[in-house]
Amino acid sequence: MAKIAKTKYIVRQPIKDLQGNILGYEIRYTGENYGYNEEAGQDFLAAETIYNFLTQAGDGALKDAKNFMTFTTNLLMKNTPKLFAPEDLVIEVTESAIIHPLAMRFLERYHQEGYSIAVKDFQFAPRYISNLRHFDYVMVDFHHVDDKSVKRLAEMVHNMGKKCVATGVDDEDLYQKAFILGMDAMCGRYAAEQMFTAVHSSSYLQSNFFRLLIAVTKDEPEVEEIEQIISMDATLTYSLLRIVNSAYFALRNRATSVHQAVTILGLGQLRQWIYLMGCSNEKGEMDENQEEMLKLSFSRASFASELMRYAKGMPINRNDAYLMGMFSTLPFLIAAPLEEILAEVAISSDVKSALLNHEGRPGLLYDLILAYERADWAAINRLGEELGLPMDRLPEIYFQCLDDVNNIWQQLMNTGVGAGEEET
């Protein structure tokens, strides 16, 4: 008899192309004591994954990228993929679907209706090659690969106009192998960590932005100093006014000065959105890698802050936890060692110890957030229990934070009005 998991988690793990851009997210789901081998058990697990994702993830989590989700033949026959819009979903199936005539008929129909299709854990088998015309992605488990077969498969997939995705890229050797064997994209714990590349392309990151960061994190920030720093930089001023005049704040009258903008935002929100100003270029724009890094900052900060509602025995407050999550990406925004950066910023010594050395209970919270991003289930269990968190609520909290960040991000990106522009 199949065992029901006591603790279940669901997380999105990034699928990145070889330039580090996000291709989509694979929806990962697991729990303790799962022992499903029979078809009915696999149906149950896949259905539960989909149900949990739909109930825990809001529209913001669905709309920002393609979601790769596994569907069994029975779920395909029940039209379960139609719970999602074609532009939001990549239907993942196992290799067994390729040899299942009924499954292939349904996949052909979904493909005609605009859904993208991926086959995962694919093994090179010439007799199944013709069926690949209905697939957009071929996903190869790099834990069990024959290099020559995979290279031939990649060449054939490319000739058919499809993309090859390496999965299970959990260490540096597999990461390098994905390049060598001609993969188009990859996912896995190590691959996810490699998205963290420096994005400090703005001209003021080393000067005005860093000065502003120090100014707003002082124990007693001086508003006049903050306004002076922003006013000295046209791009900072532009970015600040763009944020304040966005639909998120729904102002009756537009803010037209730095003083008005800072007054409206307040120091709390100014700290939160400093990163957004710091990574946009002189036109208020950013590339995909910068955008992902900023969203990661906000997501970590929001998740850390929300978990503080439940964590036991914490020596820091929710604002400290928010800054811990936000500052965790500072080395990728400012070209300097994290220790050197934090030495100039007025934040809790417990937060500094957590970020630099993973020490103390804040360090446990920081490690839990990183473990959730990596889908490291064993570490999530261990750290969550040590912190006294309600383990059954972690997926709900995670996706609520993700949804909030995505919704606000969309408002800022889509409805912001730049300084000096006229609303129509």
Side-chain angles (χ1 to χ4, degrees), residues 2 13 15 23-29 36-54 62 65-146 148-168 181-187:
Q13 194 164 78
I15 300 174
L23 181 67
Y25 291 90
E26 185 173 30
I27 307 306
R28 300 286 305 279
Y29 183 80
Y36 293 127
N37 294 312
E38 69 278 9
E39 185 176 352
Q42 293 298 329
D43 280 343
F44 177 82
L45 181 55
E48 191 174 27
T49 302
I50 295 164
Y51 171 78
N52 278 276
F53 186 66
L54 284 171
L62 287 170
K66 290 275 191 181
N67 298 283
F68 287 63
M69 298 186 68
T70 300
F71 292 82
T72 63
T73 297
N74 285 337
L75 293 178
L76 294 175
M77 294 168 59
K78 293 178 180 178
N79 291 322
T80 309
K82 291 193 174 182
L83 292 170
F84 304 87
E87 61 270 19
D88 298 332
L89 179 68
V90 175
I91 300 172
E92 268 189 21
V93 296
T94 63
E95 189 183 44
S96 61
I98 292 182
I99 59 176
H100 196 301
L102 192 55
M104 286 305 303
R105 282 172 51 193
F106 275 90
L107 289 174
E108 289 176 33
R109 191 188 74 190
Y110 287 124
H111 202 252
Q112 292 171 357
E113 293 174 352
Y115 287 90
S116 298
I117 314 291
V119 56
K120 66 178 187 176
D121 303 333
F122 185 78
Q123 303 293 321
F124 185 79
R127 62 185 180 278
Y128 302 142
I129 296 305
S130 62
N131 284 339
L132 290 181
R133 68 183 185 279
H134 303 296
F135 293 84
D136 301 282
Y137 304 96
V138 176
M139 308 180 76
V140 184
D141 186 353
F142 262 41
H143 288 132
H144 312 285
V145 295
D146 173 75
K148 291 183 179 179
S149 295
V150 171
K151 193 164 185 64
R152 289 201 307 272
L153 173 64
E155 292 172 353
M156 179 194 61
V157 168
H158 292 154
N159 288 336
M160 297 174 69
K162 317 296 183 182
K163 291 185 177 181
C164 226
V165 180
T167 66
L181 297 183
M183 297 293 102
D184 298 289
M186 65 183 83
C187 63

Next item on the list: Name all residues meeting the salt bridge (Lys or Arg N to Asp or Glu O under 4.0 Å) criterion together with R109; count only those two or more places apart in sequence or in a different chain, and write none if there are none.
Entry: E113
Margin query: What I want to check is whether the side chains of T94 and K120 have a donor and an acceptor closer together than 3.5 Å.
Written below: no
Margin query: Keeping N67 on the side-chain end and Y25 on the backbone end, is there a donor-acceptor pair under 3.5 Å?
Written below: no
Next item on the list: Looking only at non-hydrogen atoms, find the nearest pair between C164 and V157 and report the distance.
Entry: N-CG1, 4.2 Å
Notebook entry, point to check: Out of curiosity, L23 CG to K66 NZ, how far, rounded to the nearest 0.5 Å?
Noted result: 9.5 Å
Item checked: salt bridge (Lys or Arg N to Asp or Glu O under 4.0 Å) partners of K78, counting only residues at least two apart -> none
Note to self: Distance check, rounded to the nearest 0.5 Å: S116 atom OG versus I91 atom CD1?
What the structure shows: 8.5 Å
Margin query: Y110: which residues meet the side chain to side chain donor-acceptor pair (under 3.5 Å) condition with it, sequence neighbours left out?
Written below: N79
Next item on the list: Output all residues satisfying side chain to side chain donor-acceptor pair (under 3.5 Å) with K151, sequence neighbours left out; order by chain, then residue number.
Entry: none
Item checked: Check: I15 and M186 side chains under 4.5 Å, non-hydrogen atoms -> no
Checklist line | Counterpart residues, side chain to side chain contact (heavy atoms under 4.5 Å, CB included), relative to A118 (two or more places apart) | finding: F68, V90, E92, Y137, M139
Notebook entry, point to check: Counting distance only, does the side-chain N/O of H111 pair as donor-acceptor with the main-chain N or O of L107 below 3.5 Å?
Noted result: no
Next item on the list: Starting at CZ of F71, measure out to OG1 of T80 and round the result to the nearest 0.5 Å.
Entry: 6.5 Å
Next item on the list: Starting at CD of E155, measure out to CG of L181 and round the result to the nearest 0.5 Å.
Entry: 10.0 Å
Margin query: Minimum heavy-atom separation for K162 and D184, please, with both atom names.
Written below: O-OD2, 4.2 Å
Checklist line | Those residues that, when tested against F135, pass ring pair (Phe, Tyr, Trp, His ring centres under 6.0 Å) (two or more places apart) | finding: none
Check: Can you tell me how far the CD atom of Q13 sits from the SG atom of C187, to the nearest 0.5 Å?
Finding: 6.0 Å
Notebook entry, point to check: Any idea which heavy atoms bring T73 and A103 closest together, and the distance?
Noted result: OG1-CB, 3.6 Å
Next item on the list: Work out which heavy atom in P86 is nearest to a heavy atom in G114; give both atom names and the distance.
Entry: CB-O, 3.6 Å
Next item on the list: Evaluate whether atom NZ of K163 has more than 12 neighbouring non-hydrogen atoms of other residues, nucleotides or ligands under 6.0 angstrom away.
Entry: no
Notebook entry, point to check: Hey, are the side chains of V140 and L153 touching, using non-hydrogen atoms and a 4.5 Å cut-off?
Noted result: yes
Check: Say you draw a straight line from NE2 of H158 to CE of M156; how long is it, rounded to the nearest 0.5 Å?
Finding: 10.5 Å
